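So the structure is just underneath, and the comments pick up after that.
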Amino acid sequence: MNEKKINIEGEDEVKQQAETSEEKITDPETAETEKAEEAEENPQAEEAEQPAEAEEKDPLEAAQEEIAKLKEQMLYKAAEFDNYRKRTIKEKADLLLNGAKKTVLAVLPVMDDMERAIAEGKKTDDPEVIRQGMELIYQKFIKALEGLGVKAIDTKDQDFNVDMHEAIAMVPGMGDDKKGKVIDCVLTGYTLNDEVIRYAKVAVGQ
């Protein structure tokens, strides 16, 4: 009788242990759900467990990228400067060509007048008519030069100026009031836009 009671109690104890073990064993889906719930409750713990995804960039790689960027900028600047140089050369060439064109166009009317004067000179023997025609042509030519920026250097009663005049003779005995002054202009000088292009050759009082 007592042995039967002991066996029943032993069976009950084994049954309770089996039920407890079954409660602890769960399926995978339940485990994942529980893990997600734990992550929501304690997100800092999950972040601490995961390794850092973003690592610092390699200094060598960063330096190479910077070098490539600077090289690209240098090539761009070099190409830009080359285009500027070519454009400047072309503009200078066009300026010289257009400058010559402007000069020729200014002189052509004077040449036309000279041709007409030569034709008229063949019809008359009056020297006064020829002289007046030449005078008109000369005045027109002076105006054409002035339109191009050319002006004659003034020498009459002027002090000798090494920046404008070239002394080719010294004239003694002209008095103190003529000393260092231009006595005579042998060859007229000219300036182009206020720059001397030909010095006036003069005789100076001594």
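Everything numeric in this text was worked out from a predicted model, so none of it was measured. Numbering starts at 1 and runs along the sequence shown.
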### Task
Rounded to the nearest 0.5 Å, what's the gap from CG on Leu145 to OG1 on Thr103? Could you check?
9.0 Å
### Atom CG of Asp194 with >12 non-hydrogen neighbours under 6.0 angstrom
no
#### Entry: Test side-chain hydrogen bond (donor to acceptor under 3.5 Å, both in side chains) applied to Gln139 - qualifying residues, sequence neighbours left out
Glu135
### Task
Please tell me if the side chains of Lys69 and Glu65 come closer than 4.5 Å, counting only heavy atoms from C-beta onward.
no
### Query
Would you say Val196 and Ile142 are hydrophobically clustered, going by side-chain heavy atoms of ILVMFWY under 4.5 Å?
no
## Note on the structure
The side-chain hydrogen bond (donor to acceptor under 3.5 Å, both in side chains) partners of Gln132 (sequence neighbours excluded) come to Glu128
### Query
Just how far is it from atom NZ of Lys77 to atom CG of Asp82, taken to the nearest 0.5 Å?
14.5 Å
### Message
For a quick test of reading the model, state the closest non-hydrogen atom pair linking Phe160 to His165 and the distance between them.
### Response
CE1-CB, 3.6 Å
### Query
Would a hydrophobic clustering, with Ile, Leu, Val, Met, Phe, Trp and Tyr connected at side-chain separations under 4.5 Å, put Leu105 with Met111?
yes
### Summary
Scanning both residues in full, the closest heavy-atom pair of Glu166 with Tyr199 reads CB-CB, 4.1 Å
### Query
Any side-chain heavy atom of Val150 within less than 4.5 Å of one from Glu146?
no
### Query
Rounded to the nearest 0.5 Å, how far apart are NZ of Lys101 and CG of Asp94?
11.0 Å
### Task
Taking all heavy atoms of Ile183 and all of Gly205, pick out the closest pair and write down the distance.
CG1-N, 3.3 Å
### Residue pair Ile137 / Ala117: nearest heavy atoms and the distance that separates them
CD1-CB, 3.6 Å
### Query
Near Glu195 CD, under 6.0 Å, is it more than 12 heavy atoms from other residues, nucleotides or ligands?
no
### Task
State plainly whether one hydrophobic cluster holds both Val182 and Met170, where clusters connect Ile, Leu, Val, Met, Phe, Trp and Tyr through side-chain heavy atoms under 4.5 angstrom apart.
yes
#### Entry: same_hphob_cluster(Val204, Val162) at 4.5 Å side-chain heavy-atom cutoff
yes
### Query
Near Asp125 CG, under 6.0 Å, is it more than 12 heavy atoms from other residues, nucleotides or ligands?
no
### Query
Hey, what do you get for CE (Met164) to CG (Asp154), rounding to the nearest 0.5 Å?
10.0 Å
### Query
Can you tell me how far the CZ atom of Arg131 sits from the CG atom of Asp126, to the nearest 0.5 Å?
10.5 Å
### Task
Would you indicate whether the side-chain heavy atoms of Lys178 and Asp157 approach each other to under 4.5 Å?
yes
### Query
Is Asp113 paired with Arg116 through a side-chain N to carboxylate O contact shorter than 4.0 Å?
yes
### Message
Are Leu192 and Val110 linked, directly or through intermediate hydrophobic residues, by side-chain heavy-atom contacts shorter than 4.5 Å (ILVMFWY only)?
### Response
yes
#### Entry: Val186 side chain reached by Ile168 side chain, heavy atoms, under 4.5 Å
yes
### Query
Quick one: are Lys140 and Leu136 in side-chain contact, heavy atoms under 4.5 Å?
no
### Residue pair Val202 / Cys185: nearest heavy atoms and the distance that separates them
CG1-CA, 4.1 Å
### Task
Please confirm whether the backbone N or O of Thr191 pairs with a side-chain atom of Arg198, one donor and one acceptor, at under 3.5 Å?
no
### Query
Any side-chain heavy atom of Tyr138 sitting closer than 4.5 Å to one from Met134?
no
### Query
More than 12 foreign heavy atoms under 6.0 Å from CG of Asp176: is that the case here?
no
### Query
Taking side chain as C-beta onward, heavy atoms only, is Asn83 less than 4.5 Å from Glu80?
no
### Distance-minimising heavy-atom pair for Ala144 and Ala106
CB-O, 3.6 Å
